[in-house]
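Worksheet: the structure to be examined is printed underneath.
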Amino acid sequence: MKQGAQGSAAGVAWVPPQVRAADVERERRAGGDAVARGEHTHSEQPIPFPGSERPRAVVQRASVRGQILDALRTALVAGELRPGEVYSAPALGDRFGVSATPVREAMQQLALEGAVEVVPNRGFRVVERGARELAELAEVRSLIEVPVMLRLARTVPAERWAELRPLAEASVRAAASGCRATYAESDRAFHRAMLALSGNEQLVQIAEDLHRRAQWPLVGGPGSRGRAELVADAAEHTALLDALIARDVDVVRSLVGEHFAGVR
């Protein structure tokens with residue numbers, strides 16, 4: 001669905017989640033004293049606390065922007081923000097129940113990450129990307145992560161790898177749900193935890209950015225990965241972890257090679 005001349009998102013099928021009550025309550029406790037004293041908090045417009053008769057809490061703009069950025073990233077991976085479509089900040093803000101400002105700021109962050117591009121006087125267009133870009137990302141990720149994983153396979157004690165078992169199991173459950181956005185988050189969490197054992201924060205950040213970009217949908221739809229493919233991908237996580245615990249470097253080498261070769 002293409003947007004109108006003003007970048008309206010009236011036809012968008014997805015409705016982003018509301019700000020969680022727990023997040024609002026946490027912000028209320030953090031900023032309540034300043035509000036009570038009448039101090040200026042540089043906050044966004046108040047967001048209602050669902051089901052409560054208490055005065056509406058004031059949510060800090062940075063918190064709102066961060067929550068919206070997370071929701072937009074989820075919508076992007078799920079294919080609810082479609083490649084080639086233009087979305088305006090005011091229209092998306094209406095769906096979040098906030099002003100256009102934090103939405104615009106979140107979209108600008110996505111533009112820096114390469115997920116969207118600015119369309120003057122209209123909004124933000126979701127970048128159209130094809131199989132070649134995805135293959136290039138997979139190659140770069142392989143060049144970075146495979147040598148690190150092989151080094152860690154020789155140096156990290158088995159008990160440290162065993163600590164990652166819950167993350168591997170979580171990715172299996174997420175894959176079984178069939179939800180691409182849920183699996184994408186657990187997939188990144190598992191890879192991030194493995195690479196964190198290197199102690200190289202720059203490596204972790206760069207790999208995380210590449211991994212996130214590799215999860216964006218391709219042109220022509222939200223993506224072709226079905227439940228079976230997600231489950232197979234998650235199974236590679238548990239198999240890799242078993243090999244790392246067993247310190248079987250040859251199997252680790254084979255598994256990480258296959259894992260990146262199968263990235264889509």
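Throughout, residue positions are numbered sequentially from 1 according to the sequence presented.
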**Request:** Start with the C-alpha gap between Val103 and Arg65, add the side-chain angles, then the distance that decides, and say whether side chain to side chain contact (heavy atoms under 4.5 Å, CB included) holds.
**Result:** CA-CA 7 Å; Val103 177; Arg65 182 177 63 246; over 6 Å; no
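- Distance alone, capped at 3.5 Å, is enough to place a donor-acceptor pair between the Arg247 side chain and the Val156 backbone.
- Residue Glu163 qualifies as enclosed at atom CD: its count of foreign heavy atoms under 6.0 Å is above 12.
- The two residues Ala106 and Leu72 come nearest to each other via the heavy atoms CB-CD1, 3.9 Å.
- Judged as a ring-ring contact (aromatic ring centres under 6.0 Å, His included), and not counting sequence neighbours, the contacts of His211 are His191.
- Between Arg141 and Val146 the shortest side-chain heavy-atom distance does not fall below 4.5 Å.
- Across all non-hydrogen atoms, the minimal contact from Ser88 to Arg122 is CB-O, 3.4 Å.
- Taking every heavy atom of both residues into account, Ala243 and Val252 meet most closely at CB-CG2, 3.7 Å.
- Looking at heavy atoms from C-beta onward, Val127 lies out of side-chain contact with Pro83 at the 4.5 angstrom threshold.
- Salt-bridge formation is not detected for the pair Arg180/Asp187: no Lys NZ or Arg NE/NH1/NH2 atom is positioned less than 4.0 Å from an Asp or Glu carboxylate oxygen.
- For the pair Met107/Tyr87, a side-chain contact is recorded, criterion being any heavy-atom separation below 4.5 Å from C-beta on.
- For Glu136, the side-chain hydrogen bond (donor to acceptor under 3.5 Å, both in side chains) partners are Arg132, not counting sequence neighbours.
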**Asked** Given the rule in the side chain to side chain contact (heavy atoms under 4.5 Å, CB included) test, do Val148 and Leu203 qualify, once you have shown the distances and angles that lead to the verdict?
**Response** CA-CA 9 Å; Val148 174; Leu203 167 69; 3.8 Å; yes
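- At a threshold of 4.5 Å between non-hydrogen side-chain atoms, the residues Tyr183 and Ser177 do not count as touching.
- With rounding to the nearest 0.5 Å, the separation of CD in Glu128 from CD in Glu117 is 8.0 Å.
- Summarising the geometry, atom CD belonging to Glu169 is positioned 9.0 Å from atom OG1 belonging to Thr238; distances are rounded to the nearest 0.5 Å.
- Considering only residues two or more places apart in sequence or on other chains, Phe190 meets the ring-ring contact (aromatic ring centres under 6.0 Å, His included) condition with His237.
- Classification of Arg212 and Asp209 as a salt-bridged pair fails, no side-chain N sitting under 4.0 Å from a carboxylate O.
- No donor-acceptor distance shorter than 3.5 angstrom exists from the side chain of Ser142 to the backbone of Ala138, with no hydrogens or angles considered.
- Note on Val231: it does not cluster hydrophobically with Leu255, by side-chain heavy-atom contacts below 4.5 Å among ILVMFWY residues.
- Among residue pairs with one or both ends in residues 150-159, none qualify as salt bridge (charged side-chain N to carboxylate O under 4.0 Å, His left out); sequence neighbours excluded.
- Using a 4.5 Å heavy-atom threshold, the side chains of Leu76 and Gln215 count as separate.
- Across all their heavy atoms, Ala181 and Val77 have their closest contact at CA-CG1, 3.9 Å.
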**Message:** Run the side chain to side chain contact (heavy atoms under 4.5 Å, CB included) test on Met194 and Leu240 for me, step by step, so that the C-alpha distance in whole Å, both residues' side-chain angles and the decisive distance to 0.1 Å come before the verdict.
**Reply:** CA-CA 11 Å; Met194 287 196 300; Leu240 175 58; 4.0 Å; yes
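- Cluster annotation: Val172 and Ile245 are assigned to distinct hydrophobic clusters (Ile/Leu/Val/Met/Phe/Trp/Tyr, side-chain heavy-atom contacts under 4.5 Å, transitive).
- No more than 12 heavy atoms of other residues, nucleotides or ligands lie within 6.0 Å of CD in Glu185, so this atom counts as exposed by the packing criterion.
- Closest approach of Ala214 and Leu134 over heavy atoms only: O-CD1, 3.1 Å.
- For residues 106-116, the pairs satisfying salt bridge (charged side-chain N to carboxylate O under 4.0 Å, His left out) are Arg73-Glu113, with sequence neighbours left out.
- Checking Ser63 against Gln67 by side-chain atom types alone, a donor-acceptor pair falls below 3.5 Å.
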**Prompt:** Step by step, would you call Ser186 with Leu167 a side chain to side chain contact (heavy atoms under 4.5 Å, CB included)?
**Reply:** CA-CA 7 Å; Ser186 65; Leu167 290 175; over 6 Å; no
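- Contact annotation: the side chain of Val118 approaches that of Phe124 to within less than 4.5 Å [non-hydrogen atoms, C-beta and beyond].
- Contact record, Val116 with Val126: CG1-CA, 4.1 Å, taken as the closest heavy-atom pair.
- Taking 4.5 Å as the limit, some side-chain heavy atom of Trp216 sits within range of a side-chain heavy atom of Arg129.
- Using a 4.5 Å cut-off on side-chain heavy atoms (C-beta onward), Val64 and Phe96 make no contact.
- By the salt bridge (Lys or Arg N to Asp or Glu O under 4.0 Å) test, Arg188 pairs with Glu208, sequence neighbours left out.
- If you chain together hydrophobic residues whose side chains sit under 4.5 Å apart, Val249 and Val251 fall into the same group.
- Here the CG atom belonging to Asn200 is positioned 9.5 Å from the CG atom belonging to Leu195, to the nearest 0.5 angstrom.
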